[in-house]
Amino acid sequence: MADERELRYDPAAIEPKWQERWASDPTMYAAEPVFCGKPKYYVLEMLPYPSGQLHMGHVRNYSIGDALARHMWMRGYNVLHPMGWDAFGLPAENAALKNNTPPREWTLSNIAAMKRQMERLGLGYDWATEVTTCLPDYYRWNQWFFLRMYERGLVYRKKSKVNWCPECATVLANEQVVEGCCWRHETTLVEQRDLVQWFFRITAYAQELLDGLDKLDDWPEKVRIMQRNWIGRSEGTEVDFFLAEEAGEGNANLEQATEKKPIRVFTTRVDTIFGATSVQLAPQHALVAAFTATDPALKAQVDELLDQQKKAREAGDLGAIEKHGVPTGHFAMNPYNGKRVPIWVANYILADYGTGAIMSVPAHDERDFEFATKYGLPITQVIKPSDPSVATELPFCAHEGVLVNSGEYDGLSCDEAQKSLQDVAGRKGFGEAKIIFRLKDWGVSRQRYWGTPIPMIHCDKDGLVPVPDDQLPVVLPPQIEITQQGGSPLGRVPEFVNTTCPKCGGPARRETDTMDTFVDSSWYFYRYTDAKNDHAPFDPKVAQYWFPIDQYIGGVEHAILHLIYSRFWTKVMRDLGLIVNDEPARRLFTQGMVIKDGAKMSKSKGNVVSPDDMIAKYGADATRMYSLFAAPPDRDLDWQEDGVAGVSRFLARVWRLAEKHAPLARTGRGLTVDAPSGVSLKLLRKLHQTIAKITLDFEGRWHFNTCVAAIMELVNDLQAADAQLDAGEVSAPVMLELLRSLVLLLAPLAPYLAAELWEVLGEEGAVLRAPWPVSNPGLAREDELEIPVQVNGKLVTVVTVAADATTATIEAAALAGEKVQSRTAGKTVVKVIVVPGKLVNLVVK
RNA sequence: GCCCGGAUGGCGAAAUUGGCAGACGCAGCGGACUUAAAAUCCGCAGGCCGCAAGGCCGUGGGGGUUCAAGUCCCCCUCCGGGCACCA
């Protein structure tokens, strides 16, 4: 019985044993002090939301990060490999509603469950640095940062549109609006409501966030492009069109017109301004309200436009809105030529981009052309192609052209014209060059319970008063009844709301909004470096040692929000003097999704594979190794359970081989490998080739799938030589090197099996503390090579030559081959191409 | 519409710099061991034709460059992702 069990690879026995040992040694995965003298390496995986269950996407993400961390430990680095919990957020409140469990309790028990799963997977985290964002020792620093930002004018309040779900009776974040509906109530249309909201002035850093992308060479190009588009820098000109109410044709009365507030438009093509034939306002534009106040008919039409916008927005497809517009009956004057143009209101003009007003130049803009054609507005061409042979077809939107019909500017190129028109506008005071961004300030108010309370106090006498630092944290009241009523839940807790004004000591009310959870994840990775600090968010000296993160790993779904907010936060912290780095992470890696049966794993598709089931059936090593083996990490991974079984079979083969030959290997300790030959040489050669290949992959390419394949090849060779191994044709020191190295190579990929076999081989200490094997180039080199020989590009034969054979030798060997002879008989060899070490190609006629 | 990816055997994939297409694994087939099965081990395996030797075809489709193309260039199709009246 005992014998039978010994012959079987049993992860269910091996893995719990090592879990226990690792748990009992807190230094196992702990970062060393910053003065340890080793080079540092900070590897970070995105922290999960504690839903209560790890999914395969997590397993994949963490398997990559853990393999890297283990590899770096073995390379002698001081590694920081932390983990935490993005623990605030609406699901906890939903769970409270559903199960009557307090959000805190629900969240903490989920964390415990997921931490247990991580331990089962054998992920090597330094739990001493664990960060849980919903605990006051973390979120107090959110509040602290909020106050520092408030002091610097980076926090402000304004009235703003919010997404409102009438069913939940609460505000939703943009990302919780799915195709115009609430993510929880898929058929409930989200409404827009006006509320006073807190904002972070991220736009103050728009230019720097954009410029910084150029330096992030080791971020995926895809992510950088997405961020560039999101920031959306646009160079152009703002120009005032004066109101010209006087009826009649011809030039308006300038004196009269300039008395009123002009309409400021933004354009990237001020060179086309002589072709402006109308001014278009967004329905929400302030002037529209002024017009409609005295014109009920117009108001009805504008309401119609607003309604169309709203419907399109709810459908999640503002881009597809059919263009509609109404003339206001009012007129504006082009400041360059005094020309009067009608003012329209149109549904496709965005109120929150630029100035909410445009000049319409139908001849040189697709949209304006469509609109003008529909409503019969005049179309005036003012740019002609610089190449006169090109026929002009309107709209002509190219930037390469020459001005016509533009008075004194005729003949100028578009670029020249833009410059002089901007100069004139500046001189005469009716406009200026302007750079605008699509990026909006970050609305952080949430009318929810389970988030960081915003540390502000409303006093009737003193107005808005920040909570003094020594009164932080503003703690969430623990017992609160979660209901479906609208408004901030904290507003219904008098003990929380009622306070005294820090300035006057009089009665005052606390702010009841909480912060967006993206605040939590914007700086959590700094807290890891000094997680227990209760005087500051972290010690700047320690952060300076660890930052920037050397490798950040996560899903591409965070390409914009989290990764822009984090970059913003880093720049703010730098300006607060807390850190010296400009960017949080030197390298970013975005892994692919986990797919099953052609679709992303999801509950609704019913194709979810539980990590726990996989671990129970095949072990954590096989589960992790499969997730690395099935596809390169940047591509989508198709989960096939048979593949996990295959990896598990492979690990069993390794286990049997090691168990069988370990006794011989152990006797090789302390002995040197003498000049190997025969099967020993072949195996050592394969080993050193494998070490070189895997080392190279860890250093950059990260094709862990081929690393696993390479180890499989090595094991296959060992297996194939098993008869010779049994016959003693491999000496003890060679066997030791083979098995030892194999275990070291496996250590980052299958840590349990590696730890177990390390012990079986009689090694002292943890395999993680053993140095990564080094490839010996002399041993890795082949002494003979097989060179394919082609005739006219078609493979004819393969010749074996010495690895250092000269071109002439290779050519002679190739020509001597029988098959080559018969192929070339009676023909002329026109050309011989010899690529040493690669191939020979004979061109014959 | 614009911008990124991607398309290779029955399936997941490999080919790192233009140099033997299909490594490694899954599924399949044949054999050994076994009373039998499981497990394990050995072997076969891109397609078509052929008894075989061998031949022809083959990396989404079409063209091109090259002695040589999965890889480089041009055009097109399909799939995935992101953005989308941003003035």
Side-chain angles (χ1 to χ4, degrees), chain A residues 7-8 220-226 228-230 232-234 236-237 265-269 272 280 282 309 312 317-323 346-350 352-361 365-368 370-371 436-439 556-557 559-560 592-593 595 598 600 626 629-632 634-647 649-650 652-653 656 693 696-697 700-701 703 705-716 719-720 722 786-798 830-835 837-844:
Chain A
L7 286 174
R8 209 183 150 73
E221 187 56 22
K222 178 187 180 160
V223 171
R224 295 197 286 165
I225 290 169
M226 282 164 76
R228 245 176 235 126
N229 292 340
W230 188 261
R233 183 182 196 268
S234 192
T237 314
V265 304
F266 175 78
T267 175
T268 54
R269 291 298 304 274
T272 65
Q280 303 284 342
Q309 270 195 355
D317 201 3
L318 203 59
I321 193 169
E322 200 197 329
K323 290 183 184 53
N347 62 359
Y348 72 97
I349 307 301
L350 304 170
D352 54 359
Y353 183 75
T355 57
I358 65 156
M359 64 179 198
S360 177
V361 185
D365 182 281
E366 295 275 359
R367 295 153 304 177
D368 295 346
E370 185 191 334
F371 191 85
I436 64 169
F437 294 91
R438 205 190 79 116
L439 181 73
V556 74
E557 64 273 18
I560 297 184
M593 287 188 300
I595 302 285
K600 185 178 174 175
Y626 173 75
F629 177 58
D634 54 328
R635 291 248 289 268
D636 287 350
L637 184 157
D638 188 55
W639 194 271
Q640 296 185 7
E641 193 173 327
D642 286 341
V644 190
V647 171
R649 271 197 293 274
F650 164 74
R653 202 147 55 230
R656 279 193 303 271
K693 191 243 175 303
L696 192 65
D697 250 319
R701 203 177 68 135
H703 279 201
N705 53 331
T706 63
C707 289
V708 176
I711 298 176
M712 285 172 168
E713 281 187 51
L714 174 65
V715 171
N716 288 349
Q719 179 104 281
D722 201 46
E786 297 202 322
I787 305 289
V789 180
Q790 300 179 333
V791 172
N792 288 341
K794 292 210 165 194
L795 181 71
V796 170
T797 187
V798 176
V830 184
K831 199 173 174 185
V832 182
I833 291 129
V834 180
V835 185
K838 291 286 187 188
L839 98 171
V840 176
N841 189 11
L842 306 169
V843 186
V844 304

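Atom set for the values below is all heavy atoms of this structure, side chains included, hydrogens, waters and symmetry mates excluded. Computed from a prediction, not measured in an experiment: that's the story for all the values here. Letters A, B, ... are given to chains in the order of the sequence lines, protein chains preceding strands, and every chain is numbered from 1.
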Ignoring the backbone of A/Y353, work out which of B/rC41, B/rA87, B/rA7 is nearest its side chain.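 Per side-chain heavy atoms of A/Y353, the pick is B/rA87.
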Between B/rA87, B/rC26, B/rA14, which nucleotide gets closest to the side-chain atoms of A/P632? B/rA14
Which part of the nucleic acid, if any, lies within contact of A/D368, taking any heavy atom under 4.0 Å across all strands shown: a base, the sugar-phosphate backbone alone, or nothing?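 Touches nothing.
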N/O (side chain, [X]) to phosphate O (OP1/OP2, [N]) under 4.0 Å:
{"X": "A/S234", "N": "B/rA87", "answer": "yes"}
{"X": "A/R438", "N": "B/rA84", "answer": "yes"}
{"X": "A/R653", "N": "B/rA39", "answer": "no"}
{"X": "A/N229", "N": "B/rC4", "answer": "no"}
{"X": "A/R228", "N": "B/rC83", "answer": "no"}
{"X": "A/R635", "N": "B/rA14", "answer": "yes"}
{"X": "A/R656", "N": "B/rC41", "answer": "yes"}

What pairs with A/E370 under side-chain contact (heavy atoms from CB on, under 4.5 Å), at least two apart in sequence or on another chain?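 Partners of A/E370 by the side-chain contact (heavy atoms from CB on, under 4.5 Å) criterion, ordered by chain and then number, come out as A/K323.
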What's the [atom1]-[atom2] distance between [X] and [N], to the nearest Å?
{"X": "A/F629", "N": "B/rG12", "atom1": "CZ", "atom2": "P", "value": "14 Å"}
{"X": "A/H703", "N": "B/rU16", "atom1": "NE2", "atom2": "P", "value": "10 Å"}
{"X": "A/E713", "N": "B/rA13", "atom1": "CD", "atom2": "C1'", "value": "13 Å"}
{"X": "A/L637", "N": "B/rC26", "atom1": "CG", "atom2": "P", "value": "16 Å"}
{"X": "A/L839", "N": "B/rA69", "atom1": "CG", "atom2": "P", "value": "11 Å"}

If you take atom types as modelled and just measure distance, does the side chain of A/N841 reach the base of B/rC67 with a donor-acceptor pair under 3.5 Å? yes
Any N/O donor-acceptor pair, A/K693 side-chain to B/rU16 base, under 3.5 Å: yes
Partner residues of A/E557 under the salt bridge (Lys or Arg N to Asp or Glu O under 4.0 Å) criterion, sequence neighbours left out: none
Quick check: on RNA chain B, is the nucleotide nearest A/T267 upstream (toward 5') of the one nearest A/K831, or the reverse? Name the residue that is more 5'. A/K831
Return the 5'-most residue of the pair A/P788, A/N705 with respect to RNA chain B, ranking by each residue's nearest nucleotide.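 Comparing both residues, the 5'-ward one is A/N705.
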